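Naming convention: chains lettered A, B, ... in sequence-line order (proteins, then strands); numbering from 1 in each chain. These numbers were taken from a predicted model, which means no experiment stands behind them.
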Amino acid sequence: MTAILGPFLQALCLCSAAATAIGGAWAGLRRRPVPALRWAVFATLAGALGAVLVIEVALVRHDFAVAFVADNGSRRTGVYYTVTSLWAAHDGSLLLWCLVLSAYLAVLGRRGARDALHSWALAVTAAATVFFVGLAFFSGGVFDRVSPVPADGPGPTPLLSDHPAMGVHPPLLYLGLVGLVVPFAYAVGALIVGDTSLSWLRAVRTPLVVAWTALTAGIVLGAWWSYAVLGWGGYWSWDPVENASLMPWLLATALLHSLMVQRRRTALTAWNLGLAVSAFVLAAVGVLLTRSGVVASVHSFADSGIGPVLLGFIVAVIVGVLALVALRAGKIAPAGSVGTLLSRGAAVVAGNVVLVTMCVTILAGTVLPVVVQAFGGGESSVGAPYYDRLVLPLTALLLALMVLGPVLRWETDDPARVAGRVVVPLFLGAAAGLLTRLLLPGHLGVVLAVALAAMLAASTLLEGARAAGARALRRRLGGRVAHLGFAVLAVGVAVSSAGGTFGEGVLHLGASSTVDGVRATLVSVGSRPQGDGERTTAVVRLSRGGTLHPALRSYTARQTTVAVPAVAASPVGDVYVTLLSAPAGGRSASIRLAVNPFVDWVWLGGALMTLGGLLTLRRRKRATGPVEDHAGDHHGEDRAGDRPTIPVGSS
Amino acid sequence: MTVQQSAPPQARRWRRLAIVALVPVLVLVGVVLVRASGESVDQSPHGASPLIGHRAPALRGRTLSGGEYTYRPGTVTVVNIWASWCSPCRSELPTLVRLGRQWAGHGVELATIDTRDGAVLASRFLRQTGATGLTAVRDPNGMLAVAWGVTGVPETFVVDAKGIVRAHWNGAVDPTWLSREVAAAQARTTS
Amino acid sequence: MRRAALLVLALLAAGLLVVTVMVGHRAPTDTERVQHLSGELRCPTCVSQTVAGSDTPVAEGMRAEVTRQVAAGRSDSQILSWFKQRYGESIVLLPTRHGLGPLLWAVPGGALAIGVGVILWRRRRGAGWRQETATEHALPNAWLAAVLALAVASGAAVPVVFSLRHHGGAADAASAAPTAATGAVTSSSPSPAAATDPVGTAFDLLKNGQPAAAEALVQGLADRPGKTGTLALLVLGLAQRAAQDPAATETLRRFVREHPNHPAAAQVRRLLRNS
């Protein structure tokens with residue numbers, strides 16, 4: 001039953017998406033709204049949702065006749081982790097990806113094809129859906145029948161069935177990455193239609209903020225999850241998979257800000273088009289990096305089957321867009337002036353350059369070693385030191401620009417006035433820097449980062465306080481909260497990377513180990529069976545109060561052992577204990593004790609940034625109610641000349 | 001106020017830019033495709049240790065049998081790194097011991113490093129594989145193995161009489177290869 | 001008055017910055033040095049992890065060695081080159097002068113330079129005219145079709161080229177792959193281990209790139225009852241697959257058929273599906 005229903009629903013999704021693409025293109029060519037297209041769009045969503053439901057039902061019912069369930073399901077796994085095991089493996093997570101993409105398509109096309117621009121955007125989004133659903137349909141094998149039917153399965157990878165974040169992080173991440181298809185689709189539509197003015201801009205704003213917020217939350221949640229689970233107390237290792245989600249985020253952040261400039265100054269039009277396309281291309285590159293094994297070796301890339309196809313998709317997109325730009329060059333609106341050197345527009349442009357440079361750096365570090373290997377070169381040696389050395393100075397530059405940007409006026413500004421607004425934060429930042437220096441001697445880079453971040457926080461708060469009246473404060477609240485969040489995040493990252501210390505060694509019962517003033521005493525070690533293996537837990541008492549229970553979990557079916565670290569969190573720093581090994585007998589254990597200062601500030605900063613994004617959405621929805629639906633736009637009307645009715649920021 | 005757009009200089013510039021970007025992208029993709037797809041990856045278990053051609057690292061310490069061992073250049077030496085928790089070592093050690101007996105009369109020494117292991121487990125392992133009497137330097141915290149640039153077990157090095165590393169094998173050693181390399185190292189000594 | 005106050009504040013801030021830079025400068029402690037150096041060394045048996053962040057035995061040994069050398073007073077560059085001598089240049093995570101290194105520094109630097117350059121160049125050219133265009137000249141259908149065709153063609157070319165060339169490559173790789181035995185099978189006199197545990201020995205041989213030898217050892221054992229037979233069948237199938245023996249698929253299918261609940265069955269099934 002599942003073997004028939006599942007592929008049928010996928011096929012339904014595929015055909016409906018293809019119909020949408022063709023219908024949208026037709027509507028775009030005819031310049032006529034086609035409300036009926038919404039049925040195709042809803043059918044696409046129904047197909048994708050149905051396919052996911054079918055496989056989830058099979059997983060929960062332990063129907064081991066289905067290939068995916070036989071490979072990833074298990075009777076021993078609880079319901080929550082059984083449901084999330086859909087995205088614990090690549091072929092299942094592709095189904096989730098298609099679902100999110102279909103959802104975006106459905107929201108975009110919920111009223112059918114409207115005007116020409118919207119129709120083309122719908123067509124392009126549908127075409128992307130066709131590609132990914134086609135990929136899932138033809139290469140998945142998720143619904144295949146298995147015979148003979150096994151009695152049980154191995155269950156999802158242990159590391160992915162131990163922590164509740166598994167149910168939240170991948171969907172959030174996909175919500176963010178997939179959402180970048182909408183700005184891309186509108187950019188391509190604008191090029192085809194020949195109208196790169198505000199209409200494109202207005203349509204893109206909300207989906208971009210939604211995608212950015214989800215991506216921010218997803219990335220920070222992923223870092224927090226790594227920290228809680230991986231046992232070495234780090235949360236970011238510049239892994240290719242991590243980089244794959246960070247690069248689109250950087251471009252989306254850049255786009256978010258430069259759209260403001262386009263709205264205000266009618267400038268940076270071509271730049272925004274390019275950014276919108278690049279953000280999506282990098283999201284696709286991210287998919288390529290995670291699913292094709294290309295970073296492991298060029299050989300595994302070619303073997304994977306899915307790798308070359310994804311690469312082909314990316315090539316097609318790049319070639320198509322470049323060809324389109326070549327043909328439509330004359331229709332790209334000429335750039336207005338961004339402003340003088342000392343203006344908000346210039347600060348945003350400078351910030352964009354920094355963000356794009358960061359993205360290029362990470363791309364180079366992730367991809368160049370593979371390319372070199374393809375040419376027969378040797379192994380790579382790119383890791384954290386490379387990225388740190390380049391990204392940290394860029395971040396410092398960014399922090400400084402974030403202080404200046406909100407303070408500057410749009411058209412031009414006067415240095416004296418700017419200096420007046422900046423001096424108090426500067427002083428506070430310097431004081432924070434000195435304090436950091438005294439507490440963390442020997443880390444000048446960290447001190448600089450903290451000083452700048454404190455300056456940013458102070459400036460944001462002061463500017464917020466300066467906004468008179470509740471309405472004025474609410475206007476830019478989202479942005480201010482997000483900037484504040486970034487400052488908090490920066491402090492957390494800087495201090496935790498510089499001040500963390502750890503020690504490891506074998507402890508006998510009753511013995512203690514001291515790291516950074518925190519003493520941990522081993523109280524007991526014991527094992528008990530859990531699942532199909534056993535759980536060995538050590539009880540560790542901390543001198544500053546509290547008891548931790550780090551553990552080792554063994555999984556017999558998967559023949560692996562996973563460490564479950566224990567963390568005692570506090571605003572000033574975490575105590576992080578990992579059980580490395582515990583010989584039989586329960587008399588001793590090998591423990592790693594780490595003290596990670598200010599790590600929780602990273603999570604707090606991330607949460608604030610997400611909140612800021614949500615606040616922006618709320619305000620935007622209320623203010624752009626009638627404008628969001630631009631079905632009534634007349635193409636003769638010049639709206640850029642008016643002061644925009646949407647308050648983007650006062651000077 | 002609607003303005004009909006015709007900005008030839010700007011349009012030309014963008015067009016040129018797009019084509020200038022398009023061509024190298026296509027060329028680059030094509031080149032990478034051709035190179036990457038045709039490449040066959042060498043899966044040789046032979047080692048490519050950076051130590052080859054350089055002086056052998058220090059090797060000294062207590063042995064499993066309780067004595068002390070210090071490596072000194074003078075004769076061709078085969079250095080093998082193993083551990084009791086390593087299953088390929090189970091089949092490799094007897095081979096080594098047999099070869100070692102053959103070489104003993106020809107001035108070739110066999111020294112091994114027992115890395116990250118417990119003395120009791122290691123001694124039992126040696127008994128089980130019939131390899132008692134093997135010179136096994138203890139390396140409980142793995143630092144000796146690190147000094148030899150070892151990434152896993154087993155690994156084997158052939159060091160000539162002057163103390164220069166001549167060959168390296170990653171994994172359970174092929175006895176034919178080993179005999180050949182030892183002969184080559186001996187020849188180097190006499191030449 | 002206000003201006004004066006601000007000026008004083010600015011001077012104070014500058015003073016604080018100077019003090020910050022000068023004060024608290026001390027040499028890093030030994031622990032900090034070990035941590036820093038461990039962060040600069042690549043864990044050779046992991047995927048993109050530093051020695052500081054890895055739990056593998058090799059990484060632990062390397063950390064112990066770094067600790068010993070730091071305590072002995074060697075400098076950072078001495079310690080790093082010690083490791084480079086033994087593990088190669090790529091053990092140090094910061095790209096060096098050779099090979100990839102310069103490119104990795106040049107690309108971001110170039111991007112930044114281009115960005116700044118474009119900004120300055122556009123400023124010099126002067127601002128464009130601030131008008132908005134609202135033209136409606138859609139792309140002629142023929143051109144649109146051409147763009148689409150070009151995009152699809154170049155996109156489709158990628159997987160096609162890969163599948164054509166890679167199968168050719170795979171065949172070459174198979175024949176060239178040093179089956180380390182090169183015909184010289186196992187040791188001439190059967191070791192005690194091979195006699196008492198043929199399946200285990202065969203498994204080891206398989207892992208060490210000697211599938212032919214492994215296959216020879218377990219050939220007759222696959223039909224035995226019980227655990228020995230099961231494992232022998234599995235090892236036989238895997239060995240045949242590694243040696244590109246066409247009988248491999250049938251052997252592996254037989255394994256999945258007869259032992260669907262074996263822990264390795266799921267992986268074998270996936271292997272069969274992907275081939």
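Residues C:Leu144 and A:Leu29 have side chains in contact (heavy-atom distance under 4.5 Å, counting atoms from C-beta outward). The closest side-chain heavy-atom distance from C:Leu112 to A:Val353 is below 4.5 Å. In this structure, the side chains of C:Trp105 and A:Leu390 come closer than 4.5 Å at one or more pairs of heavy atoms. The shortest distance between side-chain heavy atoms of A:Phe427 and C:Leu16 falls below 4.5 Å.
Here the closest heavy-atom approach between residue C:Gly155 and residue A:Ala316 is recorded as CA-CB, 3.8 Å. Closest of all the heavy-atom pairs between C:Gly39 and A:Pro385 is O-CG, 3.5 Å. What you find for A:Val319 and C:Ala151 is that their closest heavy atoms are CG1-CA, 4.2 Å. Contact between C:Leu104 and A:Tyr386 at its shortest, heavy atoms only, is O-OH, 2.6 Å. Considering all non-hydrogen atoms of both residues, A:Gly312 and C:Pro159 come closest at CA-CD, 4.3 Å. Between C:Ala111 and A:Val360 the shortest heavy-atom distance is CB-CG1, 3.9 Å.
Atom CD1 in C:Ile114 sits 9.5 Å away from atom OG1 in A:Thr357 (nearest 0.5 Å).
Both the backbone and the side chain of A:Val309 come within less than 4.5 Å of a heavy atom of chain C. Heavy atoms closer than 4.5 Å to chain C are found nowhere in A:Leu363, neither backbone nor side chain. Using a 4.5 Å cut-off between heavy atoms, C:Ala14 makes no contact with chain A at all. Interface residue C:Ala10: backbone and side-chain heavy atoms are both found under 4.5 Å from chain A. Using a 4.5 Å cut-off between heavy atoms, A:Ala416 touches chain C through its side chain atoms alone. For a residue to count as touching a neighbouring chain, one of its non-hydrogen atoms must lie under 4.5 Å from one of that chain's; by this rule C:Glu40 touches chain A with backbone and side chain alike. Contacts of A:Val146 with chain C are made by side-chain atoms alone, with heavy-atom separations under 4.5 Å and no backbone atom involved. Heavy atoms closer than 4.5 Å to chain C are found in the side chain of A:Leu580, but not in its backbone. With a threshold of 4.5 angstrom between heavy atoms, A:Asp144 approaches chain C through side-chain atoms but not through N, CA, C or O.
Between chain C and the residues A:Ala451, A:Gly320, A:Pro150, the most heavy-atom pairs under 4.5 angstrom are made by A:Pro150. Comparing A:Ala70, A:Gly234, A:Ala350 by how many heavy-atom pairs each has under 4.5 Å with chain C, the most go to A:Ala70. Most heavy-atom pairs under 4.5 Å with chain C: of the set A:Val356, A:Thr361, A:Val424, this distinction falls to A:Thr361. Contact tally against chain C (heavy-atom pairs below 4.5 Å) for A:Val422, A:Thr340, A:Val149: the top residue is A:Thr340.
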